[in-house]
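All values below were derived from every heavy atom in this structure, side-chain atoms included, with hydrogens, water molecules and symmetry-related copies excluded. For reference, positions follow the sequence shown, starting with 1.
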Amino acid sequence: MSTVPDVDYRATSQRPSWSMLPSGVRAEVASLVGSRVVAADPVVTSGFTGSYAGSVRFADGSRAFVKAGGPDMPHVVDALAREARVLRALPPGMPAPGLIAASATLGWSVLLLDVVDGRMPGQPWTPADIDAVHEACVILAELATPCPAELAGASVARGMAGDESILGVGQAMGEGRFELPAGMPGWVLRRQEDLGALVLDASNHLSGATLSHGDVRPDNLLVDGAGKAWVVDWNWVGVGPAWVDLVGLAPMMAWQGFEVDGLMETSPLTRDADQLGIDGFLAVIAAYMMSDLDAPPPPGCTAALRRHQRLMARMFLDFVRRRRGWEA
């Protein structure tokens, strides 16, 4: 479909092994459980940072999925602290791993989570995986409406309306002066005023009372042996429409050739949704992804982050173009 390469989300990170973590961090993990670590699985290779992420086994027979980020990656330290706050506040029954413990030590953030033994969906997408992930999105929306009081301040609409990178792209498009990044389709320049209008108007259509994960993509999903989908990495939550997480996945499924219009017409999350709001949301994500494609990745992030952004921008642009009936 494009010169933009696909991304193998199973191989996007470069992480330290368990033995490479500072001894004080390893001791803190053991202290949080009250048992020493006797074995560590290979670290996960998804994600875009060099922080630690892997399952360990303790002398008492228990297991935990450990996430740890140090002071050389301040954005990871903050993200893990946010994730701990979110996981503590999620209602029971959510398709999310439980939080065992969290700590801050030696400038590091450390999280211990329940282990979810599963595989990443979308490699490629299958009808069974789409059904499982859709069900997870429905459960999430049902249980997180209304949003837990502790998380009610994270508004999707306010977050997008106040994001300077999104506004900058939207304004440049609206004024006909957007510079097209490499790998993006030429039709974007022909429709930049229309795209800019969608971006700048989106926040007016994104009110709601549902807590969304906000970053549901293949590497933030696991499908277990029973076919249940779990959502992981809870540090980008927001309050808004119930459809945010499902709509955020739809372009990825459509990119692989799946007919998602039927799903969106029948899903309880989208069948009665504000269609202008959906198109605005899609345009906003595309704008966000295009805003810093040529900038170096943040400290501790791999080069795969920018490849991911380029692919995401292309997928979301393609999906909103098709929905709006614009020519390629």
Shortest non-hydrogen contact between P91 and L143, atoms and distance
CG-O, 3.3 Å
Any donor-acceptor N/O pair, T270 side chain to A273 backbone, under 3.5 Å:
no
Does T266 use its side chain to pair, donor to acceptor, with the backbone of G262 at less than 3.5 Å?
yes
Please evaluate residues H75 and C301 with respect to the criterion side-chain contact (heavy atoms from CB on, under 4.5 Å), reporting the C-alpha separation (whole Å), side-chain torsions for both, the decisive distance (0.1 Å), and the verdict.
CA-CA 10 Å; H75 62 290; C301 289; 3.4 Å; yes
Group every Ile, Leu, Val, Met, Phe, Trp and Tyr by side-chain heavy-atom contacts under 4.5 Å, then state whether L32 and V38 land in the same group.
no
Do L167 and L282 share a hydrophobic cluster (ILVMFWY, side-chain heavy atoms under 4.5 Å, transitive)?
no
Can you tell me how far apart CD (Q256) and OG1 (T126) are? Round to the nearest 0.5 Å.
9.5 Å
For the hydrophobic clusters of this structure (ILVMFWY residues joined by side-chain heavy atoms under 4.5 Å, transitively), does one cluster hold both V29 and F65?
no
Carefully, step by step, assess T45 and R10 under the rule side chain to side chain donor-acceptor pair (under 3.5 Å).
CA-CA 6 Å; T45 53; R10 298 163 296 187; over 6 Å; no
Any Lys/Arg nitrogen of D245 or R217 sitting under 4.0 Å from an Asp/Glu carboxylate oxygen of the other?
no
Derivation of the salt bridge (charged side-chain N to carboxylate O under 4.0 Å, His left out) call for D163 and R158
CA-CA 8 Å; D163 190 304; R158 285 200 304 272; over 6 Å; no
So how far is it from M315 CE to M312 CE, rounded to the nearest 0.5 Å?
5.5 Å
Decide yes or no on side-chain contact (heavy atoms from CB on, under 4.5 Å) for C147 and T210, but give the supporting numbers first.
CA-CA 5 Å; C147 170; T210 300; over 6 Å; no
Between D194 and R321, is there a side-chain N and carboxylate O pair less than 4.0 Å apart?
no
Non-hydrogen side-chain atoms of R310 and M289 separated by less than 4.5 Å
no
Nearest heavy-atom contact between V77 and G69 is CG2-O, 3.5 Å
Verify, without hydrogens or angle tests, whether S13 (side chain) and S46 (backbone) share a donor-acceptor contact under 3.5 angstrom.
yes
Quick one: does V66's side chain get under 4.5 Å of L111's, heavy atoms only?
no
Before you tell me yes or no, could you show the steps for W326 and L195 under side-chain contact (heavy atoms from CB on, under 4.5 Å), namely the whole-Å CA-CA distance, both residues' side-chain angles and the distance that decides it to 0.1 Å?
CA-CA 11 Å; W326 297 337; L195 282 167; 3.7 Å; yes
Heavy atoms of other groups near Q171 CD, more than 12 under 6.0 Å:
yes
Test item: E28 and V25 side chains (from C-beta on) under 4.5 Å apart, heavy atoms
no
If only atom types and distance count, is the side chain of T145 paired as donor or acceptor with the main-chain N or O of A141 below 3.5 Å?
yes
Do R324 and D279 sit within salt-bridge range, that is, some charged N less than 4.0 Å from a carboxylate O?
yes
Given the rule that I, L, V, M, F, W and Y join up when any side-chain heavy atoms are under 4.5 Å apart, are W230 and M252 in one cluster?
no
Can you name the closest pair of heavy atoms from A304 and F48 and give their distance?
O-CE2, 3.6 Å
Under the 3.5 angstrom rule, does the side chain of Q14 hit a backbone N or O of G50 as a donor-acceptor pair?
no
Taking the side chain as C-beta and beyond, is there a heavy-atom pair between V133 and L249 under 4.5 Å?
yes
Hey, is CD on E164 packed in by over 12 heavy atoms from elsewhere, all under 6.0 Å?
no
Between atom CG of L211 and atom CG of L140, what is the distance when rounded to the nearest 0.5 Å?
7.0 Å
Is there a path of hydrophobic side-chain contacts, each under 4.5 Å between heavy atoms of I/L/V/M/F/W/Y residues, joining L80 to L90?
yes
Give the minimum heavy-atom separation between W243 and L206, together with the two atoms involved.
CH2-CD2, 3.5 Å
Donor-acceptor contact present, side-chain D292 to main-chain A295, <3.5 Å:
no
For V231, does its backbone N or O pair with a side-chain atom of W234 as donor and acceptor, under 3.5 Å?
yes
R190 atom CZ, neighbour heavy-atom count above 12 within 6.0 Å:
yes
Rounded to the nearest 0.5 Å, what separation is found between the CZ atom of R26 and the OG atom of S19?
7.0 Å
What about W255 and F319, are their ring centers closer than 6.0 Å?
no
Do the numbers put R82 on top of the ring of W236, so that NZ or CZ is under 6.0 Å from the six-membered ring centre and no more than 45° off the axis?
yes
Non-hydrogen atoms of L99 and L113 that approach each other most closely:
CD1-CD2, 3.7 Å
Going from CG on D117 to CG on L222, what distance comes out if it is rounded to the nearest 0.5 angstrom?
9.0 Å
Indicate yes or no: at least one non-hydrogen side-chain atom of K67 is less than 4.5 angstrom from one of L112.
no
At what distance, to the nearest 0.5 angstrom, does CZ of F316 lie from OH of Y288?
12.5 Å
Going by heavy atoms in the side chains, are D72 and P299 under 4.5 Å from each other?
no
Between the main-chain N or O of W108 and the side-chain N or O of T105, is there a donor-acceptor pair closer than 3.5 Å?
no
Can we call the ring centroids of H308 and Y9 under 6.0 Å apart?
yes
Do the side chains of V199 and V169 get nearer than 4.5 Å, heavy atoms only?
no
Quick test of your reading of the model: are D294 and R306 salt-bridged, counting only N-O distances below 4.0 Å?
no
Within the distance-only criterion (no hydrogens, no angle test), does the side chain of S291 pair as donor or acceptor with the backbone N or O of S165 below 3.5 angstrom?
no
Establish, from distance only, whether the side-chain atoms of R323 and Q275 form a donor-acceptor pair under 3.5 Å.
yes
Test item: F178 and L180 side chains (from C-beta on) under 4.5 Å apart, heavy atoms
yes
Test: R322 and D261 ion pair at under 4.0 Å
yes
Which of these, R119, M120, Q123, M253, sits in a side-chain contact (heavy atoms from CB on, under 4.5 Å) with D129?
R119
I need the single residue from D233, V216, V232 that forms a side-chain contact (heavy atoms from CB on, under 4.5 Å) with L221. Which is it?
V216
Side-chain donor/acceptor of N220 to backbone N/O of D215, under 3.5 Å
yes
Start with the C-alpha gap between M290 and E179, add the side-chain angles, then the distance that decides, and say whether side-chain contact (heavy atoms from CB on, under 4.5 Å) holds.
CA-CA 10 Å; M290 290 191 291; E179 296 183 6; over 6 Å; no
Closest non-hydrogen atom pair, S267 against L246:
OG-CD2, 3.5 Å
